Amino acid sequence: MKRKTRYSRIIGIAAGTLFAAAVFSQNAVADRLEEVQKAGILHCAVVPGVPGYAYPDASGKLVGFDIELCRAVAAAVLGDADKVKTTKMNLPTSFGALQAGEVDIVTHRFTWTFSRDVGTGMNYTRVMVWDGQGFLVRKSLGVKSLSELSGATFCLASGSTTEANAADYFRTHNMDFKSVTFSDMKAAAQAYNAGRCDVYSTDKFGLGARRLTFDDPSEHIILPEVISKEPISPMVAHGEDHWRDIVFWVFNALIAAEELGITQVNVDQMRSSSINPEIQRILGVTGKFAAKLKLSESWAYDAIKGVGNYGEIWDRHLGPNTKIGADRGLNNLWTNGGLMMSPPFR
């Protein structure tokens, strides 16, 4: 009898601990969503100065792919894509700001890695750009391949995956190289543009964007090699599981919308007349997904209406009709040979 009582106490204590943890988790979750809705603004961290991602337009307003992701979340949570406050931050500053609750989301191009995902106080949401590390050189250097760069000087961002990848690659291939490191990607790019090194390296889509900021973009070429996989994902603070769910499914809605042919222009028609069950669930006509996220029934509709589907965002800021002219490659839908796929809305 005593043994049974002791076990009962242990089970009771364990159950109480789990209950307390669950309550704490729910409170933390509610706080983030409630704080955003109470403030009426989404605080979004971006790294500025990257054409196509977060760059000032003619009026000085930041526009780009990263900005649109912020706007999609704001539309879903607040019903208005324009209710966004963007804060310019570099990588380490962004991490600290998330942990301190100073920003609600970071959408800049930070690679999803083990060391960043575990033990840093941040959660990645979902991959929104599949990229890989490439290399930019001046045409005057006369090289056409990475294999010709042994002994070259590289401008790299200190502490970045780019720096680590370059070191791994050249060590593995028994090639020498000299690195000159800088505080961030922008500083490294500026140093390369000023002639302080032979090579500039970052994610390949980033190379095309940074090149546009150089004195003469046509004098620089991107080498064909890609030496790494760089899954790029927005981040939220660790422990805010429900907030992560919201961000995750907003992004899924943008991807699913492209797959199902829902656009910024036809989303009203689709909502009122489509008989496709998946479309009806996404746009809030049927299903109870909104209640699970504690959002309005129109959350996904508002996001798509505010910024368009994933393909529209890509084409508007990165696609073939932009100065960047990026081919989607792995960022195509899975139905077109790419990796972009949303889990079912079911």
Side-chain angles (χ1 to χ4, degrees), residues 42 44 52-53 57 61-84 105 107 125-130 234 245-346:
L42 178 78
C44 183
Y53 294 95
D57 63 11
K61 180 182 178 181
L62 283 180
V63 296
F65 187 90
D66 294 341
I67 304 298
E68 297 283 48
L69 298 184
C70 300
R71 298 181 74 246
V73 175
V77 173
L78 299 171
D80 188 341
D82 291 329
K83 291 185 176 180
V84 174
I105 183 173
T107 63
T125 53
R126 69 150 296 146
V127 176
M128 293 304 285
V129 177
W130 295 94
D245 287 345
I246 290 172
V247 174
F248 177 73
W249 283 102
V250 168
F251 294 157
N252 285 331
L254 302 181
I255 294 166
E258 181 184 10
E259 181 182 341
L260 294 165
I262 308 171
T263 69
Q264 194 172 22
V265 172
N266 73 14
V267 66
D268 288 298
Q269 177 186 351
M270 287 286 198
R271 193 183 191 196
S272 63
S273 62
S274 176
I275 60 173
N276 184 313
E278 183 90 342
I279 292 176
Q280 291 181 338
R281 288 190 289 268
I282 291 172
L283 298 182
V285 178
T286 62
K288 299 188 181 298
F289 302 133
K292 293 179 182 295
L293 293 176
K294 299 181 181 178
L295 298 176
S296 72
E297 295 290 347
S298 65
W299 66 274
Y301 162 85
D302 290 333
I304 299 164
K305 184 72 173 178
V307 303
N309 64 41
Y310 180 84
E312 290 179 288
I313 297 170
W314 183 282
D315 289 343
R316 190 155 58 239
H317 299 290
L318 306 174
N321 294 323
T322 68
K323 291 183 179 180
I324 293 177
D327 178 74
R328 282 179 67 170
L330 295 178
N331 299 288
N332 271 303
L333 294 176
W334 66 281
T335 51
N336 294 328
L339 296 178
M340 299 309 294
M341 174 192 296
S342 168
F345 280 76
R346 182 171 294 281

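Quantities reported herein were computed from a predicted structural model and do not represent experimental measurements.
Residues meeting the salt bridge (charged side-chain N to carboxylate O under 4.0 Å, His left out) test with Asp57, sequence neighbours left out: none. With sequence neighbours left out, Asp268 forms a salt bridge (charged side-chain N to carboxylate O under 4.0 Å, His left out) with Lys305. Shown here are the side chain to side chain donor-acceptor pair (under 3.5 Å) partners of Asn332, two or more places apart in sequence or in another chain: there are none. Taking the salt bridge (charged side-chain N to carboxylate O under 4.0 Å, His left out) definition, one finds that Glu312 meets it with nothing, sequence neighbours left out. Under the ring-ring contact (aromatic ring centres under 6.0 Å, His included) criterion, Phe248 pairs with no residue, sequence neighbours left out. Every residue two or more places apart in sequence or in another chain that forms a side chain to side chain contact (heavy atoms under 4.5 Å, CB included) with Val285 is listed here: Arg271, Gln280. Checked against salt bridge (charged side-chain N to carboxylate O under 4.0 Å, His left out), Glu258 has the following partners two or more places apart in sequence or in another chain: Arg328. Take Trp299 and apply the ring-ring contact (aromatic ring centres under 6.0 Å, His included) test, not counting sequence neighbours, and it matches no residue.
When every heavy atom of Asp315 is checked against every heavy atom of Pro320, the shortest pair comes out as OD1-CD, 4.2 Å. Considering every non-hydrogen atom in both Ala253 and Ile304, the closest pair reads O-CD1, 4.1 Å. Smallest separation of non-hydrogen atoms from Thr322 and Gly319: OG1-O, 2.6 Å. Among all heavy-atom pairs drawn from Ile313 and Gly308, the shortest one is CD1-O, 4.1 Å.
Atoms CG and CE, from Leu330 and Met340 in turn, are 10.5 Å apart once rounded to the nearest 0.5 Å. Once rounded to the nearest 0.5 Å, the distance linking OG1 of Thr125 with CD1 of Ile246 reads 12.5 Å. Rounded to the nearest 0.5 angstrom, Lys292 NZ and Trp249 CH2 are separated by 11.5 Å. One distance of note links CG of Leu42 with CD1 of Ile105; it measures 6.5 Å at 0.5 Å rounding.
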Show me the donor-acceptor pairs within less than 3.5 Å that the side chains of residues 63-82 make with the rest of the protein, sequence neighbours left out.
{"unit_1": "Asp66", "atom_1": "OD2", "unit_2": "His108", "atom_2": "ND1", "d": "3.1"}
{"unit_1": "Glu68", "atom_1": "OE1", "unit_2": "Arg71", "atom_2": "NH1", "d": "3.0"}
{"unit_1": "Glu68", "atom_1": "OE2", "unit_2": "Arg316", "atom_2": "NE", "d": "3.0"}
{"unit_1": "Glu68", "atom_1": "OE2", "unit_2": "Arg316", "atom_2": "NH2", "d": "2.7"}
{"unit_1": "Glu68", "atom_1": "OE2", "unit_2": "His317", "atom_2": "NE2", "d": "3.1"}
{"unit_1": "Arg71", "atom_1": "NH2", "unit_2": "Asp82", "atom_2": "OD1", "d": "2.8"}
{"unit_1": "Asp80", "atom_1": "OD1", "unit_2": "Asp82", "atom_2": "N", "d": "2.9"}

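Leu333 is not listed as a side-chain neighbour of Tyr310, based on a closest heavy-atom distance of 4.5 Å or more. For the pair Ile282 and Phe289, the minimum side-chain heavy-atom distance is 4.5 Å or more. Counting heavy atoms from C-beta outward, Arg126 and Val247 have side chains that stay 4.5 Å or more apart. Using a 4.5 Å heavy-atom threshold, the side chains of Asn309 and Leu260 count as separate. Between Asp245 and Leu293 the shortest side-chain heavy-atom distance falls below 4.5 Å.
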Stepwise side chain to side chain contact (heavy atoms under 4.5 Å, CB included) test for Leu318 and Tyr53: CA-CA 8 Å; Leu318 306 174; Tyr53 294 95; 3.7 Å; yes
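Sequence neighbours left out, the pairs with a member in residues 281-290 that pass side chain to side chain donor-acceptor pair (under 3.5 Å) are Glu278-Arg281. Sorted pairs that involve residues 250-271 and meet ring pair (Phe, Tyr, Trp, His ring centres under 6.0 Å), not counting sequence neighbours, are lacking altogether. The side chain to side chain donor-acceptor pair (under 3.5 Å) pairs that include a residue from residues 334-346 are Glu259-Trp334, where partners are two or more places apart or lie in different chains.
A donor-acceptor contact shorter than 3.5 Å links the side chain of Thr263 to the backbone of Asn266. Side-chain atoms of Ser273 do not come within 3.5 Å of backbone N or O of Met270 as any donor-acceptor pair.
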